[in-house]
Q: 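Before anything else, here's the structure in question.
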Number of protein chains: 2
Amino acid sequence: MTGLRERKKQRTRDALIVAAHELFVTQGYEDTTVDQIAEAVDVSQRTFFRYFANKEEVALFVQDMVGQLYYEAVCARPAGESPLDCLRNTLDDAWDDVGEAVEEITPLDLHLKMCQVIETTPALLAAHLRHSLLMEEKLVQEIARRAGVDAEKDPRPRVLVAAFSGVMRTAARQWSMRNDSSLQLARQVTGDYVAQLGPALTADWGQQG
Amino acid sequence: MTGLRERKKQRTRDALIVAAHELFVTQGYEDTTVDQIAEAVDVSQRTFFRYFANKEEVALFVQDMVGQLYYEAVCARPAGESPLDCLRNTLDDAWDDVGEAVEEITPLDLHLKMCQVIETTPALLAAHLRHSLLMEEKLVQEIARRAGVDAEKDPRPRVLVAAFSGVMRTAARQWSMRNDSSLQLARQVTGDYVAQLGPALTADWGQQG
DNA sequence: TTGTCAATTGTCAGTAGCTGTCATTACCGT
DNA sequence: ACGGTAATGACAGCTACTGACAATTGACAA
């Protein structure tokens, strides 16, 4: 199962990710060439493109993994929760596991810096949003399944996931723009934003929230 | 004000847009080269890139204009509406004006087909989502201004716009995937989806909606 | 009308992302 | 040890995009 071949591939892939992230963080995404990344790991450019379909993919690899873990955590939820609670509670519960999974690939600190690079690099932000949309569709299917409704007829699963995901992305974006971004802070900011979902929709906003 | 130079530029730009859209719709975005577009309008490739920063931009030009018009319509709203009502009512009111503005550049039918191309082409979808995010930020500022709150301290403007925009994009996406996409249908679908925003968030979903 | 200035355009050369192909190397199971 | 298969490197090629410079064309005043 874990032949030498497999392990070597895994190591090369992780090395490419870490090397790429370090270059992206230090000199910027656009100013880093694929040749530089390949050279840093001592493989050919062609090999890089055998591991990652494009330059964006290596930048978003960890982010995508986080999204996937969240999705799996949603799927593993016990039945009986309301759809919104399901999405919300998963957030609290999955946090630590996600952090550990990230650290198996790259230092957490590097990942946090990479989040900022993603938010501030137009091409990466665009790709990230698209990947998020794909994940949303998977969430829609799961939420619909749990609630026992048909996602093609009932708009509520899509509406709920769209609203929730929109708020999540906004929270992540606001968090990444702070200069002291840490994991706990992320947890707090997302919690705060999601909690405001109800109040923000009510007819009148009273005084300063 | 309308010198020959200005008019000529406008005409070239519109010709590039229409030619590009026709090529994208008939043979696909990825399979259309910038050289083909330039050739269709009989200008050099270099000139194309003087009108549009990149290939995506010519594909998203009309979409961006629509977003801009919606934003301006929001800004022109009378005071006193609740934030959510403001966003929602603008939708109803601005529809016809937007349609007319589009037709001054490209046939409406071509634009509708182009919407489908955008939704189904990864690179275009990604760029479109990013442009939408920029527009959301402008909406946040305007909503915060109208409500007299500080968007940097109070999360509600961002949360509201994120939720609303998420639902809008979902509606647009669902609409574009029908095979009989028309303007009226778009109006109806978006209306339906936005109306579900409240119900989708409530704790329990009763029976099939 | 004509000449001058500035804006627009075309041409050319170059970089970077990405792909197909084929020979070579490295691992795996027998 | 050996044959087969997977991974890699080297190379050629395409397309998006950019900088630089020369040529053209419309604007505007003398």
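Proteins get letters first, then strands, A, B, ... in listed order; numbering begins at 1 in each.
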Q: What does the B/S/- profile of nucleotides 21-30 of chain C look like, 5' to 3', with a 4.0 Å heavy-atom cutoff to protein?
A: B----BBS--
Q: Does any part of the side chain of B/Leu139, heavy atoms only, come nearer than 4.5 Å to the side chain of B/Val74, both counted from C-beta?
A: yes
Q: Go through the steps for B/Gln63 and B/Met114 under the test side-chain contact (heavy atoms from CB on, under 4.5 Å), then give the verdict.
A: CA-CA 9 Å; B/Gln63 282 276 9; B/Met114 193 61 213; over 6 Å; no
Q: Between B/Phe49 (CZ) and C/dT8 (P), how many Å, whole number?
A: 19 Å
Q: Figure out the CZ/P separation between B/Phe48 and C/dT11, and round it to whole Å.
A: 17 Å
Q: If only side-chain N and O atoms count, and only distance matters, is there a donor-acceptor pair under 3.5 Å linking B/Gln184 with B/Gln188?
A: no
Q: With sugar-phosphate meaning primed atoms plus P, OP1 and OP2, does B/Tyr51 contact a base, only sugar-phosphate, or nothing at under 4.0 Å between heavy atoms?
A: sugar-phosphate
Q: Are B/Val41 and B/Thr47 packed together at the side-chain level, in the sense that at least one heavy-atom pair is separated by less than 4.5 angstrom?
A: no
Q: Considering only NZ, NE, NH1 and NH2 on the basic side and carboxylate oxygens on the acidic side, decide whether A/Glu136 and A/Arg169 come within less than 4.0 Å.
A: yes
Q: What are the bounds, 5' to 3', of the part of DNA chain D that sits under 4.0 Å from heavy atoms of chain A?
A: D/dT5 to D/dA10
Q: Considering only heavy atoms, which members of residues 53-65 of chain A lie under 4.0 Å from some atom of DNA chain D?
A: none
Q: Sequence neighbours excluded and cut-off under 3.5 Å, please list the side-chain donor-acceptor pairs for residues 7-24 of chain B, or say none.
A:
| residue | atom | partner | partner atom | Å |
| --- | --- | --- | --- | --- |
| B/Arg7 | NE | B/Thr2 | O | 3.3 |
| B/Thr12 | OG1 | B/Lys8 | O | 2.8 |
| B/His21 | NE2 | B/Val58 | O | 3.1 |

Q: Are the side chains of A/Thr106 and A/Phe61 in contact, using a 4.5 Å heavy-atom criterion?
A: no
Q: Could you check B/Asp192, B/Asp96, B/Asp93 and say which one makes a salt bridge (Lys or Arg N to Asp or Glu O under 4.0 Å) with B/Arg187?
A: B/Asp96
Q: For B/Arg88 and B/Leu91, what are the C-alpha separation, side-chain angles and deciding distance, and is it a side-chain contact (heavy atoms from CB on, under 4.5 Å)?
A: CA-CA 5 Å; B/Arg88 205 160 31 190; B/Leu91 222 50; 5.6 Å; no
Q: Counting only heavy atoms and a strict 4.0 angstrom limit, can you tell me which residues of residues 16-41 of chain A come near DNA chain D?
A: none
Q: Could you walk me through whether B/Val102 and B/Leu108 pass the side-chain contact (heavy atoms from CB on, under 4.5 Å) test, one step at a time?
A: CA-CA 7 Å; B/Val102 168; B/Leu108 200 57; 3.9 Å; yes
Q: Side chains of A/Arg146 and A/Glu81: does their closest heavy-atom pair fall under 4.5 Å?
A: yes
Q: Where does the angle between the aromatic ring planes of B/Phe164 and B/Tyr70 fall among parallel (under 30°), tilted (30 to 60°) and perpendicular (over 60°)?
A: parallel
Q: Between residues 115-132 of chain A and DNA chain D, which residues have a heavy-atom gap below 4.0 Å?
A: none
Q: So, do B/Glu119 and B/Gln116 sit near enough that their side-chain heavy atoms are less than 4.5 Å apart?
A: no
Q: Tell me whether B/Glu39 at atom CD has more than 12 heavy atoms from other residues, nucleotides or ligands lying less than 6.0 Å away.
A: no
Q: Walk me through whether B/Phe52 and B/Leu60 qualify under side-chain contact (heavy atoms from CB on, under 4.5 Å).
A: CA-CA 10 Å; B/Phe52 305 99; B/Leu60 298 177; over 6 Å; no
